[in-house]
A.B. asks: 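Below you will find the structure I want to go over with you.
Just follow the structure's listing: the first ligand is 1, and inside any ligand the first atom is 1. As the structure is a computational prediction, the values presented were derived from the model and not from experiment.
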Amino acid sequence: MNLAELIGVIQTQKIERMVDAHVVSLTTDSRDVKPGTLFVAIKGYTVDGHDYAQQAEAQGAVAIVSERLLDVTIPVILVRSTTRAMAELAGKFYDYPSEKMRMIGITGTNGKTTTTTIVRDVLAQLGRKTGIIGTVEVKIGDRVVPSRNTTPQSSELQAFFHQMQQEGVEDVIMEVSSHGLELGRVTGTDFDVAGFTNLTHDHLDFHKTFENYARAKGLLFAQLGQRLSDQKVAVLNADDETSAMFEMMTGARVLTYGIDQPADLQAKNITQTLQETTFTMVYQEQAIELTVQFIGRFNVYNLLLATGILLSIGYSLTEISNAITQIQPAKGRMQRLPIEGYNIYVDYAHTPDGIEQCLKALVDVPKENIIFLIGTGGNRDVTKRPMMGQLASTYAGTVVITTDDPRFESYESITSGIASGMLHDQFVEIGDREEAVRYAASLARPDNIVILAGKGHEKYQIIGDEKTPLDEEQLVKEMIRQLEEKK
Ligand SMILES: CC(=O)N[C@H]1[C@@H](OP(=O)(O)OP(=O)(O)OC[C@H]2O[C@@H](n3ccc(=O)[nH]c3=O)[C@H](O)[C@@H]2O)O[C@H](CO)[C@@H](O)[C@@H]1O[C@H](C)C(=O)N[C@@H](C)C(=O)N[C@H](CCC(=O)O)C(=O)O
Ligand SMILES: Nc1ncnc2c1ncn2[C@@H]1O[C@H](COP(=O)(O)OP(=O)(O)OP(=O)(O)O)[C@@H](O)[C@H]1O
């Protein structure tokens, strides 16, 4: 694409040494610059991209988009915000791919991965070609593409959309993190439907206050736009009070779902066992009873949100509920390990609310039969640690306290934070997660339940700045095999 045509979409303050040139690619990382690349310098948390201007020039960059004057000989395009410019340039460079597909964005503290996966699985069952972007994976049809963030940075994100559109994807379902919203990663992404799960305590190390965190999430609903002819929809949780703020922030139509408060789409008569949940979905004049392979009331919310999204794009309640009864929980989301005779679950819960929801899912199990392993990350939000301990001990008779990506923090400082909130003394602190998982597995009996919370689908621990392999499923299988041999 021609450089002048490309930069025509951004508001420039000054252009130095403009030339007639062709842009072959776009990046914010000097290490990815090749001849013909337009390099956009972004000031990050760790380093400042502007400091890599000379490297970009040496590697053949055609020009640099910058927030300040640079000591280079190639064109420099000065803008007020390179982050914003990046999103606008990426939209133009890839010819606005998000306008050509149905875009579904899901935000909230817990349930994004589960809900995006449910929507994707139902759409796939209904014969649509889908693309998914989220914590567990970026997937185009059946092909998995590596990605570093839940919500990738705008140039990477638009490149994914472009690739998806080229490969015939019709529906894109993506998790939209509060970081992604706050850092402008989805600026210019043209969502058709935005869904909200819930908002509870998390990421306050980044957003500082709950109000900022809510405001960041609200951007998704505000960004649906004001054009009434677009018929965009915000699907909101009537049982979460932040929804009222999002309803005020959006110009889109609103469809609400819920269990306790009146809502457009409602779940009633919920009953559950350790393997499945049965409930009735009520929408307009229709009521359908369904049994799903998901456990926990929180999953009823996720299924309602997915249903609300699918209703808002035109599917009928009958089509949706038929498909929903066929699908399985996403990897590592209250997932039962395939170990005959034992009830061992892996769950990704790593926030106070996630932990509470996960433990509340274990209806009818006496507290003394629940063994719960929890850990939390090092060098991150410390305020949630005592809350996690308090909740774990409210619902579980035995708690194994450990770490979950200790990074550079000491084991003891992490586990003692959780232990400070404990309401009973039936707990152990084992900082080394591998050892803690072995210990928790050694307590498994056919009549109790062991839940390993925190890691979910992830098969590593971040210790220092290194990813150390840790496959909890294999570890548990090995431990149970040894226990069986000893019998
Ligand atoms: C705090 C944060 O969001 N950091 C993101 C940010 O990293 P950073 O600010 O440290 O970047 P940096 O290393 O300072 O680099 C600044 C700029 O210089 C460039 N650079 C750097 C080095 C070099 O040699 N040349 C060069 O050009 C970089 O490409 C970058 O453009 O920019 C990176 C590239 O886009 C992101 O991958 C990175 O996410 C990190 C991995 C991260 O952990 N982010 C978390 C907080 C996050 O965003 N999480 C949410 C999910 C939250 C949830 O719901 O659980 C997410 O959406 O993933
Ligand atoms: N609707 C919900 N309400 C509360 N807790 C939930 C809900 N859905 C899932 N959880 C709990 O939170 C954990 C994480 O779920 P999920 O991965 O779907 O959320 P997420 O929003 O994608 O989180 P992250 O962005 O951290 O990956 C689950 O394993 C479960 O314990």
A.B. asks: Which atoms from ligand 2 have a heavy atom of Asn198 less than 4.0 Å away?
C.D. replies: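 Ligand 2 atoms under the 4.0 Å threshold to Asn198: 1 (N), 2 (C), 3 (N), 4 (C).
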A.B. asks: Gln153 heavy atoms, cut-off 4.0 Å: which ligand 1 atoms fall inside?
C.D. replies: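 Taking each heavy atom of Gln153 in turn, ligand 1 has 35 (O) under 4.0 Å.
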A.B. asks: Heavy-atom contacts with Ser30 under 4.0 Å: which atoms of ligand 1 show up? List them by number with element.
C.D. replies: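 Ligand 1 atoms under the 4.0 Å threshold to Ser30: 23 (C), 24 (O), 25 (N), 26 (C), 27 (O).
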A.B. asks: Tell me the nearest of Tyr45, Phe39, Tyr52 to atom 24 (O) of ligand 1, using heavy-atom distances.
C.D. replies: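 The residue whose heavy atom sits nearest atom 24 (O) of ligand 1 is Tyr52.
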A.B. asks: Relative to the heavy atoms of Thr151, which atoms of ligand 1 are at a distance of less than 4.0 Å?
C.D. replies: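 Heavy-atom distances to Thr151 below 4.0 Å select 56 (C), 57 (O), 58 (O).
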A.B. asks: Does any donor atom in the side chain of Lys217 or Thr107 lie under 3.5 Å from an acceptor atom in the other side chain?
C.D. replies: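 On atom types as modelled, these side chains qualify, holding a pair under 3.5 Å.
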A.B. asks: Taking the minimum heavy-atom distance to atom 12 (O) of ligand 2, which of Asn110, Asp353, Ile355, Ile106 ranks first?
C.D. replies: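 Heavy atom nearest to atom 12 (O) of ligand 2 belongs to Asn110.
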A.B. asks: Relative to the heavy atoms of Asp29, which atoms of ligand 1 are at a distance of less than 4.0 Å?
C.D. replies: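 Answer, ordered by atom number: 25 (N), 26 (C), 27 (O), 29 (O).
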A.B. asks: Is the shortest distance from a heavy atom of Leu305 to ligand 2 less than 4.0 Å?
C.D. replies: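 The answer is no, since Leu305 has no heavy atom less than 4.0 Å from ligand 2.
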A.B. asks: Any N or O on Thr115 sitting closer than 3.5 Å to an N or O of ligand 2?
C.D. replies: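 No, there is no polar N/O contact under 3.5 Å.
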A.B. asks: Within the 4.0 Å heavy-atom shell around Thr28, which atoms of ligand 1 are there?
C.D. replies: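 Answer for ligand 1: 19 (C), 27 (O), 28 (C), 29 (O), 30 (C), 31 (O).
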A.B. asks: If only atom types and distance count, is the side chain of Asp471 paired as donor or acceptor with the main-chain N or O of Lys459 below 3.5 Å?
C.D. replies: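 It does not hold such a pair.
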A.B. asks: Using the ring centroid of each side chain, check whether Tyr348 and His350 are separated by less than 6.0 Å.
C.D. replies: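 Centroid separation for Tyr348 and His350: below 6.0 Å.
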A.B. asks: Can you find an N/O atom of Gly111 closer than 3.5 Å to an N/O atom of ligand 2?
C.D. replies: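 For ligand 2, there is an N or O atom that lies under 3.5 Å from one belonging to Gly111.
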A.B. asks: Of Asn149, Leu181, Val186, which has the heavy atom at the shortest distance from atom 42 (C) of ligand 1?
C.D. replies: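 Looking at heavy atoms only, Asn149 sits closest to atom 42 (C) of ligand 1.
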A.B. asks: For ligand 2, which atoms sit closer than 4.0 Å to a heavy atom of His350?
C.D. replies: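 Those atoms are 26 (O).
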A.B. asks: Taking 4.0 angstrom as the limit and counting only heavy atoms of Leu183, give me the atoms of ligand 1 inside it, by number and element.
C.D. replies: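 Result: 3 (O).
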A.B. asks: Using distance alone, decide if ligand 2 has a nitrogen or oxygen within less than 3.5 Å of any nitrogen or oxygen in Asn302.
C.D. replies: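 Between Asn302 and ligand 2 (N or O atoms, distance only) the closest approach is under 3.5 Å.
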A.B. asks: Nearest heavy atom to atom 58 (O) of ligand 1 wins, so pick from Val40, Ile462, Thr150, Thr351.
C.D. replies: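 Of the listed residues, Thr150 has the closest heavy atom.
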A.B. asks: Could you tell me which atoms of ligand 2, counted from 1 in the order shown, lie closer than 4.0 angstrom to a heavy atom of Cys358?
C.D. replies: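 With Cys358 as reference, the close atoms of ligand 2 come out as 31 (O).
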A.B. asks: Is it possible for you to check whether Lys112 lies under 6.0 Å from the centre of the six-membered ring of Phe196, through NZ or CZ, and within 45° of that ring's axis?
C.D. replies: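 Not flagged: Lys112 not positioned over aromatic ring of Phe196.
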A.B. asks: Yes or no: does Thr150 have any heavy atom under 4.0 Å from an atom of ligand 2?
C.D. replies: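 No.
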A.B. asks: At a 4.0 Å threshold, what atoms of ligand 1 neighbour a non-hydrogen atom of Gly44?
C.D. replies: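 It comes down to these atoms of ligand 1: 9 (O), 14 (O), 16 (C).
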A.B. asks: With heavy-atom distances below 4.0 Å as the criterion, list the atoms of ligand 2 near Thr109.
C.D. replies: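 Answer for ligand 2: 21 (O), 23 (O).
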A.B. asks: Within less than 4.0 angstrom of ligand 2, does Glu356 place any heavy atom?
C.D. replies: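 For ligand 2, residue contact (heavy atoms, under 4.0 Å) with Glu356 is absent.
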